[in-house]
Amino acid sequence: MAIGKGHHLHLIDGSGFIFRAFHALPPLTRKSDSLPVGAVSGFCNMLFKMLEGNTGHDAPTHLAVIFDHSAKTFRNDIYPQYKAHRPPMPEDLRPQIPLTREATRAFGICCIEQEGWEADDLIATFAVQARDAGARVTIISSDKDLMQLVGGGVEMMDGMKNVTIGPEEVEAKFGVGPDRVVDVQALAGDSVDNIPGAPGIGIKTAALLINEYGDVESLLARAEEIKQPKRRQSLIDNAEQIRISKRLVTLEQHVPVEVGIDAMEVQPLDPETVLPFLAEMEFRTITNRVAEKLGAKAPTIDDTPANAPAMDEPDMPPIDPSKYEIVRDAEALQIWIDRIHERGYVAVDTETTGLDEMRADLVGICLSVEPGQACYIPLAHVNGTGDLLGGAERSEGQMDFDRALQMLKPVLEDPAILKILQNAKYDIKIFARLNVTVAPIDDTMLISYAQHAGLHGHGMDALSERYLDHKPIPIKELIGAGKKQITFDQVKIDDAAPYAAEDADITLRLWTALKPGLIPSRTTTVYETMERPLVPVLVQMERHGIKVDRDHLSRMSNSFAQKMAGLEHEIHELAGRKFNVGSPKQLGEILFDEMAIEGGKKGKTGAYGTGADILETLAALGHDLPARVLDWRQVSKLKSTYTDALQEHIHPETGRVHTSYSIAGANTGRLASTDPNLQNIPVRTEEGRRIREAFIAEEGNVLVSLDYSQIELRILAHIAEIDSLKQAFRDGLDIHAMTASEMFGVPLDEMTPDVRRQAKAINFGVIYGISAFGLANNLRIPREDAKAFIDRYFERFPGIQKYMDDTKAFAKEHKRVETLFGRRIHTPEIASSGPRAGFAYRAAINAPIQGTAADIIRRAMIRVPAAMQAAKLPGRMLLQVHDELLFEVPRDAADDLIGTVREVMEQAHLPAVALDVPLVVDGGTGANWAQAH
DNA sequence: AGAGTCACG
DNA sequence: GACGTACGTGACTCTG
């Protein structure tokens, strides 16, 4: 049947896809012969997803994969240098190219390439033919060169991210609609494809010109009218080059194609061809999935290395949630406990009524001792939702809660049995509230984090999809979402069991997949000395919490509310009408349209910027409204985020606030604090500091704060080997004043606060991967001045330049950097081009410094409990704020505590790393956090 | 859900 | 040569 209305053609940019898959996916090799197959695997997964219609789009009725043909094209005749700068294909990718063609045929999909034409031209031709016949077209590619085809029933989709690219996305990228994309490309050129364009004109400027003049020819005809001399000259001088560029970027829509679209009609998968191919590639998971879908038997895969003895590896059956056992009585549980003792380890996962481990109740426990073998032990399921007067009735077929716990406690506490968990801190806290101490443990989240920080997230879903090629059952399918959401105890046991047990199964599989990687990646020490031992320490801190004075917060809230009302009234008067002060959009319109204040700048979303820096500039020019808005915003922030929200977080039973630290959240090794975030409690303004007064000690106790002084700059001095800086730290000098003196030649005793402030900004800038632009912005000085500062800084402290260059080179080569303690932080984006690479470079420069500081305080925290015990110190560690630790301790023990903990903190780097600079810790004591700090 | 804004180190 | 840029986080509000 001929293609037409109601049909949907998918055109896959084959070369583009495998190139991206190669760079985005971990380097997978075929087990039997180490043939690299990562990109092929990604390609097969994408094909299968597409055929299933599992992409957020409907399934295609017609489908083809289009490849580039390696021979030259008409573009080389027009412009011999076309794509001349392409780097050679990576060695590991080369053998995968023919395999992707094979894969396409194995899936029964039309595979197209044609001599003399790029894939893009063929895609253009087919897309236009299908569109004109009335069919829908989706191009699977993220190549910007194809964006000119979008519109009128043609859309694009990013095959890796499943993101749709329509006319709006094209406009966002090029500043013009799809029909004018080639004109913008012709002007802006493209360094990757070596399209010359007009020198001095980038995408932004090009879009501006095209929007005003229409297209390249009209623009060139009226080039004389352009005001900016540089632009005008560039257009006049390069007119021919621009015309050539346009021909290069314009896709040929009328290639005399050798294959018709009707031949692309989707055929049912043939098990006889697709399964043998997948098995030959040794893609276990997708082989099983495809076999299951076809109702065929999956072929056995022999991936024994050809010239190595058969390995005694645990067999990994496919994940099948219908096979898990539900444990309903003591006899069944005892069998599992026996198996655990036999094995010596067990994967454990808990199901609870919520995400807040201080309030959620245990509903069930899952165990797994072997991939594919897992059980669910329901303990507190109920029928229905209950009512206001009483709880719902307990479901049938569950073990007695206490009896189960009584049986499991010895196993969970057995020092000879390893408990394997994903995000162990959560489950440990749940068990701790039931008086069960879980130890020893392994945590798959942290095993992943130690090896792969910066490469991907470390949640179970992400890890499972990446390393097991399996998407876990979404919890939403059981408990729903939004208003109608129920808690896990209300889920029927038969529904809950497959979901719950699957998590234990997955955790165990992740452990077998990830743990062996620690040794070759040299991250065992990081995991064993800085990740895993931190878990029990954080459990103690989080469970203990910090006392917060609700009345103090409540009083502040009221006073803030009054203040806001007053400011709001003033602001409305100044604006001449009422509007929502909290809406940046409305504020921008008031300021820059209605009041017609100069200097309004619209960002990429088309809204005016109204950030604090912009409003400050306006306020300094004498405008009252922005000044009042700044005041209002400050008060509003303090009220909503701190005085109001913090009260909600006071635990009804403990009367304290219990934050939760994420150990694997920040790429650099820092912790992050959530629910609530206690690492960003105000301190910089007087008014904000009063919120710290609400953090108090229990009667008879005090709060003690100990913080590292200038730890990141000290680490910089050490890593970059800057002698003068190191000496200054040894001499205990004011480091910013010393920097200023060194740079500007001002003697220390004549130092002015302003000169010191500038030097301080530069010191921090260096840690952040300095740029003239950034420093200029920060100091509000011209960029040339900032550039001069930086040059002088590099001159005075030559080690810095070397450190930055060495770090960049290392990052570029290895796609990662390291801390002094061996923590790896990956920076994969360093391989990209454009602004993303810039971000990656600055992050790479910052990460070893921020990360080493994070390592040091982690080591200190891990040592503190034992040190306090040895010194027989009462009191507790409560909070960590990156370079500060906060304790609560009986008043008369405060001085001893400071002595003991300071010692631990100042020596925390030893014996692993010797520093050329001393670490210095300042301490303070007080009835509340404001006083202690 | 994402952008904008702002609190911290 | 242009582009867009200080590093790392989390929470709240508005808006589509």
Side-chain angles (χ1 to χ4, degrees), chain A residues 187-191 196-206 230 234 454 580-588 603-615 629-630 633-634 636-642 644-646 649 659-662 665-685 688 691-692 707-708 710-712 761-762 764-779 783 786 790 825 827 833-851 853-854 857 880-884 933:
Chain A
L187 290 172
D190 181 2
S191 59
I201 294 180
I203 287 188
K204 284 274 162 66
T205 315
K230 269 193 187 164
S234 178
N580 185 349
V581 184
S583 161
K585 186 164 169 271
Q586 293 179 34
L587 176 65
K604 50 188 160 204
T605 52
Y608 288 114
T610 66
D613 48 345
I614 293 171
L615 297 191
V629 172
L630 282 169
R633 279 199 184 152
Q634 192 192 12
S636 156
K637 177 83 174 182
L638 294 177
K639 180 171 187 300
S640 68
T641 309
Y642 300 104
D644 288 350
L646 221 37
H649 281 284
T659 185
S660 179
Y661 289 100
S662 45
N667 288 340
T668 52
R670 274 195 179 179
L671 300 179
S673 160
T674 64
D675 307 303
N677 182 352
L678 295 186
Q679 289 181 322
N680 71 346
I681 302 301
V683 69
R684 290 175 187 171
T685 65
I691 290 170
R692 290 204 173 209
D707 70 287
Y708 285 106
Q710 310 282 14
I711 186 164
E712 294 196 353
I762 300 174
F764 278 109
V766 166
I767 291 174
Y768 298 153
I770 200 160
S771 76
F773 180 93
L775 185 64
N777 247 0
N778 190 286
L779 286 177
R783 205 189 297 191
I790 294 170
I825 299 130
T827 56
S833 55
R836 295 154 76 91
F839 278 110
Y841 274 120
R842 291 194 293 274
I845 287 167
N846 174 257
I849 303 168
Q850 187 180 112
I857 197 163
Q880 187 250 43
V881 192
H882 309 307
D883 62 359
E884 172 188 4
H933 188 78

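Each chain gets a letter, A, B and so on, in the order its sequence line appears, and its residues count up from 1.
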> For DNA chain C, note the earliest and the latest nucleotide, 5' to 3', having some atom under 4.0 Å of a heavy atom belonging to chain A.
C/dG1 to C/dG16
> Rounded to whole Å, how long is the line connecting atom CG of A/Leu638 with atom C1' of B/dT5?
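The distance from CG of A/Leu638 to C1' of B/dT5 comes to 13 Å, rounded to the nearest Å.
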> Only Watson-Crick and G-U wobble pairs with both distances less than 3.5 Å should count. Give DNA chain C in dot-bracket notation, marking inter-strand partners with |.
......|||||||||.
> Return yes if the base of B/dG4 and the side-chain atoms of A/Arg633 contain a donor-acceptor N/O pair under 3.5 Å, otherwise no.
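Under the 3.5 Å cut-off, the side chain and the base do not form any donor-acceptor pair.
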> In whole angstrom, what separates A/Asn680's CG from B/dC8's C1'?
5 Å
> Would you tell me if any nitrogen or oxygen in the side chain of A/Ser673 comes within less than 4.0 Å of OP1 or OP2 on B/dC8?
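It does not, given that no N or O in the side chain of A/Ser673 lies less than 4.0 Å from OP1 or OP2 of B/dC8.
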> For A/Ala645, answer base if it contacts any base atom (sugar-phosphate contacts may also be present), sugar-phosphate if it contacts only those atoms, and nothing otherwise; contact means non-hydrogen atoms under 4.0 Å.
sugar-phosphate
> What is the distance from NZ of A/Lys585 to C1' of B/dT5, rounded to the nearest Å?
17 Å
> Return whichever of A/Thr641 or A/Phe764 has its heavy-atom-nearest nucleotide of DNA chain C closer to the 5' end.
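Looking at DNA chain C, the more 5' nearest nucleotide goes with A/Phe764.
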> Could you tell me how far apart A/Asn677 (CG) and B/dC6 (P) are, to the nearest whole angstrom?
17 Å
> Give one of base, sugar-phosphate or nothing for A/Arg783, where a contact means two heavy atoms less than 4.0 Å apart.
base
> Send over the distance from A/Ile711 CD1 to B/dC8 C1', rounded to a whole Å.
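Interatomic distance, CD1 of A/Ile711 to C1' of B/dC8: 17 Å.
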> Name the residue closer to the 5' end of DNA chain C, choosing between A/Asn778 and A/Leu671 according to the nucleotide with the nearest heavy atom.
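The residue closer to the strand's 5' end, by nearest nucleotide, is A/Asn778.
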> Does any N or O in the side chain of A/Gln679 come within less than 3.5 Å of the main-chain N or O of A/Gln880, such that one atom is a donor and the other an acceptor?
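Yes: the side chain of A/Gln679 pairs with the backbone of A/Gln880.
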